[in-house]
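Just so we're on the same page: letters track the sequence lines, and every chain starts at 1.
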Amino acid sequence: MVKGSILIMSNVRVRFAPSPTGFFHIGSARTALFNWLYARHTNGTFILRIEDTDKERNSDEFLQVIYNSLRWLGLDWDEGPQVGGDYGPYLQSQRNDIYQKYLKILADKGRTYEKDGAIWFKLEGERYTEYDEFAKKDIEKVRAKPQLIHDMIRGDVERAEDRDFVIYRANGEPVFHFVNVVDDIAMKITHVIRGEDHLSNTSKHCELFRAFGVEPPVFAHIPLILKQEGSGKMSKRDRGALIEEYQKDHYLPAAVRNYLCMLGWSPKDDREIMDIGEIIELFDFPGIQQKNARFDEKKMAFFNSEYVKALPLETLAWLARPILTEAGSITENTDEDYFQEVLMVAKPKISSLKDLPALLCYFFNENYATVEDAKNRVFKKGDPIARLTEALPALERLNDWTEDSIHAVYDAVASEKGQKNTDYFPVTRLAVSGLAGGPDLMPTLRVLGKEKVIARIRNFLEKNK
RNA sequence: GUCCCGUUCGUCUAGCCCGGCCUAGGACACCAGGUUUUCAUCCUGGCGACAGGGGUUCGAAUCCCCUACGGGAUGCCA
């Protein structure tokens, strides 16, 4: 916003309409994200509407998963459950009287009929009977006029429905296609941004819109997210498919959001790591890809590591504390200055919050394990035990425990024994941390302190005699 | 089966609408070299694509057609 200007809402109204029937899928997250981005880009309104018409498959817990995931990703809604709005209620299970009114409109126009206890929408056109390969039986079909779908991503698409379809089930509940269209009309939705799997449904929706005498909104069918390996779209069971996995693994939500933006949308230059404000400014339909995108967890992890590396120390400490506490590495008694110092030393190495306990536990605990792989690597060449033994007395004599003086000790011992100083480092790290890698060694030794370092080296030598 | 959508490096993409600047650019991944006190980081380099075939044109990744392949829909799920 330009400084001093008044924020003027545009008439763009978009909605994200999930169904609380399962977990919050990464594809749903991206659909929500694209709607949110378009609303923010246009100063429009982002509406959350819950499509819970199938009582059998809905649950309140799943509703909470939706709210929780959207909030975690920073996708705030302007109208919807929990925030209200002028077009509520925003749960379809509470909108039955509205649907009844709209049903009556169609009935009055002679566009409905009853069959098998359900209410069907009647297409207009010549009727005939044909064997249907998919249904494996004879079916009454209709030569209906093709519906024109104006799509911002696909261009104009024409598709004709050829069968009447149910809009109210025999159990009295309305069906998705019907409520979806009714609510889009009632909520004055201007742009329908949704997954391409709905493109084929859109001819049904256009039939309904036009039967109501309403011109359909502008559509934007975004490409699907395909699973990493194998064929087909990503499904709930695929690795990396659920937003809650990322929450659990301590991914940074801004990183997940940024990655999702780049999966199917491009700023048309070479930027990828982008501030969300910049993305909002640039986000529009021409930047949206037409082809399905395959999910790539390595690239997702890369985005995350970039965001983690960019974290200020204070924020990192704030995020790290509960993770390390949960892992049992630290307690509320852990010295704050020491904790800060450990993080400062380790920061250049931290690329994921999830790995924090494994990377840092030895700074806080004596019962760290020696990783077998690390040991094998260190012991692969030379005589590491001899090196460790040689350096120990010199370290014990050292009183000025600084990085420079510790380093000087190794230089001196190495030249005295005719070795390279790098022969001493891997085994020393292994002795004090149980690992083959980690933060720079000298700072690590300094932060651990002379007492711990000496004790751990002795202990290591004792165990590896 | 039918209908709809799509097809540039292994993956995400730029270029395509408005044909020449494309010996097709970037990123992830991978590989190699360098920096470094180990591992990592970092730096440099490498590998690597216009699905195929026909047109149109002086000229096509870009326009048209066909084929192949991929995806989706075809529920009283959403």
Side-chain angles (χ1 to χ4, degrees), chain A residues 17-22 28 51-54 56-58 92 115-120 130-136 146 149 151 153-155 157-163 165-177 179-180 194-204 221 223-224 226 228 231-233 259 262-273 286 289-303 305 309 348-351 359 374 377-378 403 406-407 410-411 414 420-430 435-442 444:
Chain A
S19 181
T21 57
S28 305
E51 308 221 326
D52 53 349
T53 53
D54 185 358
E56 301 286 304
R57 293 167 53 166
N58 289 312
Q92 291 186 328
K115 191 175 86 179
D116 303 330
I119 300 173
W120 295 66
E130 189 179 76
Y131 180 76
D132 186 274
E133 196 62 45
F134 191 75
K136 304 283 180 211
I149 300 160
D151 192 295
I153 296 165
R154 314 279 155 192
V157 177
E158 272 196 346
R159 190 174 187 277
E161 282 300 313
D162 63 357
R163 292 174 60 183
F165 53 91
V166 172
I167 54 178
Y168 258 81
R169 301 189 185 94
N171 68 6
E173 288 168 19
V175 166
F176 160 70
H177 298 116
V179 293
N180 193 270
R194 52 167 36 159
E196 200 208 336
D197 48 344
H198 285 293
L199 184 54
S200 300
N201 290 326
T202 306
S203 41
K204 280 191 185 73
H221 286 96
L224 268 22
L226 268 25
Q228 317 203 62
S231 61
K233 61 176 172 171
Y259 173 70
M262 298 304 155
L263 204 56
W265 175 81
S266 158
K268 301 290 183 189
D269 55 31
D270 292 338
R271 283 178 298 169
E272 290 192 320
I273 304 288
Q289 193 73 13
Q290 307 196 9
K291 97 178 177 186
N292 295 161
R294 202 171 286 277
F295 178 76
D296 182 355
E297 64 183 341
K298 286 198 170 139
K299 191 137 188 180
M300 169 78 259
F302 166 76
F303 271 77
S305 70
K309 282 181 211 156
K349 301 287 175 157
I350 299 171
S351 61
L359 186 70
R377 231 158 81 195
V378 171
E403 288 168 37
I406 298 169
H407 198 264
Y410 281 105
D411 288 342
K420 286 181 300 199
N421 59 8
T422 52
D423 294 334
Y424 293 80
F425 296 136
V427 68
T428 305
R429 178 189 292 286
L430 184 70
L435 302 170
D440 286 346
L441 186 58
M442 294 310 134
T444 299

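- For the C1' atom pair drawn from G59(B) and U44(B), the interatomic distance equals 37 Å after rounding to whole Å.
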How does protein reach along nucleotides 35-45 of chain B, written 5' to 3' as B (base within reach of a heavy atom under 4.0 Å), S (only sugar-phosphate), or - (no contact)?
--BBBBSS---

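- Nucleic acid contact class of Gln228(A) (heavy atoms, under 4.0 Å, all strands): none.
- Atom P of nucleotide C76(B) and atom NZ of Lys115(A) are separated by 10 Å, given to the nearest angstrom.
- Shown here are the salt bridge (Lys or Arg N to Asp or Glu O under 4.0 Å) partners of Lys309(A), two or more places apart in sequence or in another chain: Glu306(A).
- Using a 4.0 Å heavy-atom criterion, one finds that Gly117(A) contacts no nucleic acid atom at all.
- The partner of C50(B) cannot be assigned: no Watson-Crick or G-U wobble pair with both contacts below 3.5 Å exists in any strand.
- Projected onto RNA chain B by closest heavy-atom contact, Ile153(A) and Phe176(A) fall at different nucleotides, the more 5' of which corresponds to Ile153(A).
- Among residues two or more places apart in sequence or in another chain, the salt bridge (Lys or Arg N to Asp or Glu O under 4.0 Å) test is passed with Arg159(A) by Glu161(A).
- At whole-Å resolution of the value, CD in Gln290(A) and P in A14(B) are 10 Å apart.
- In this structure, the CG atom of Asp132(A) is 12 Å from the P atom of C3(B), given to the nearest Å.
- Checking side-chain atoms of Asp440(A) against main-chain N and O of Met442(A) turns up no donor-acceptor pair under 3.5 Å.
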Atom pairs, N/O to N/O, protein against nucleotides 65-73 of chain B, distance under 3.5 Å?
| from | atom 1 | to | atom 2 | distance (Å) |
| --- | --- | --- | --- | --- |
| G71(B) | OP1 | Ser231(A) | OG | 3.3 |
| G71(B) | OP1 | Gly232(A) | N | 3.3 |
| G71(B) | O2' | Asn292(A) | OD1 | 2.8 |
| G72(B) | OP1 | Lys233(A) | N | 3.2 |
| G72(B) | O2' | Asp197(A) | O | 3.4 |
| G72(B) | N2 | Ser200(A) | OG | 3.1 |

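- One atom, CZ of Phe295(A), and another, C1' of A29(B), lie 14 Å apart when rounded to the nearest Å.
- Rounded to a whole angstrom, the distance from the P atom of C65(B) to that of A27(B) is 36 Å.
- Residue contacts shown for His177(A) include a base, since a base heavy atom lies under 4.0 Å away.
- Rounded to whole Å, the distance from NZ on Lys291(A) to C1' on A51(B) is 12 Å.
- To the nearest angstrom, P of G75(B) lies 18 Å from CG of Asn171(A).
- Between the side chain of Lys349(A) and the main chain of Pro439(A), no donor-acceptor pair closer than 3.5 Å is present.
- Among residues two or more places apart in sequence or in another chain, the side-chain hydrogen bond (donor to acceptor under 3.5 Å, both in side chains) test is passed with Asp151(A) by His221(A).
- Among residues two or more places apart in sequence or in another chain, the ring pair (Phe, Tyr, Trp, His ring centres under 6.0 Å) test is passed with Tyr259(A) by Phe295(A), Phe303(A).
- The base-pairing partner of C3(B), taking Watson-Crick or G-U wobble contacts with both distances under 3.5 Å, is G72(B).
- Using a 4.0 Å heavy-atom distance criterion, Ala293(A) is classed as a sugar-phosphate-only contact.
- Here U11(B) sits opposite A27(B) as a Watson-Crick or G-U wobble pair (both hydrogen-bonding atom distances under 3.5 Å).
- Remark: U62(B) base-pairs with no nucleotide in the shown strands. Criterion, Watson-Crick or G-U wobble with two distances under 3.5 Å.
- With sequence neighbours left out, Lys299(A) forms a side-chain hydrogen bond (donor to acceptor under 3.5 Å, both in side chains) with Glu272(A).
- Residues Val175(A) and Phe165(A) have side chains not in contact (no heavy-atom distance under 4.5 Å, counting atoms from C-beta outward).
- Arg377(A) pairs by the salt bridge (Lys or Arg N to Asp or Glu O under 4.0 Å) definition with nothing, not counting sequence neighbours.
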Close N/O contacts between protein and nucleotides 21-27 of chain B (under 3.5 Å):
| from | atom 1 | to | atom 2 | distance (Å) |
| --- | --- | --- | --- | --- |
| G26(B) | N2 | Glu272(A) | OE2 | 3.4 |
| A27(B) | O2' | Glu272(A) | OE1 | 2.4 |
| A27(B) | O2' | Lys299(A) | NZ | 3.4 |
| A27(B) | N3 | Lys299(A) | NZ | 2.9 |

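- The distance between atom CG of Asp296(A) and atom C1' of C9(B), rounded to the nearest whole Å, is 14 Å.
- If you check every strand for non-hydrogen atoms under 4.0 Å, Asp116(A) touches a base.
- Between the CZ atom of Phe165(A) and the C1' atom of U74(B) there is a distance of 13 Å, rounded to whole Å.
- Remark: Tyr168(A) pairs with Phe178(A) by the ring pair (Phe, Tyr, Trp, His ring centres under 6.0 Å) rule, at least two apart or across chains.
- At least one donor-acceptor pair closer than 3.5 Å links the side chain of Asn171(A) to the backbone N or O of Glu173(A).
- Every residue meeting the side-chain hydrogen bond (donor to acceptor under 3.5 Å, both in side chains) condition with Glu403(A), not counting sequence neighbours, appears here in chain and number order: Arg446(A).
- Residues satisfying the salt bridge (Lys or Arg N to Asp or Glu O under 4.0 Å) criterion with Asp270(A), sequence neighbours excluded, are absent altogether.
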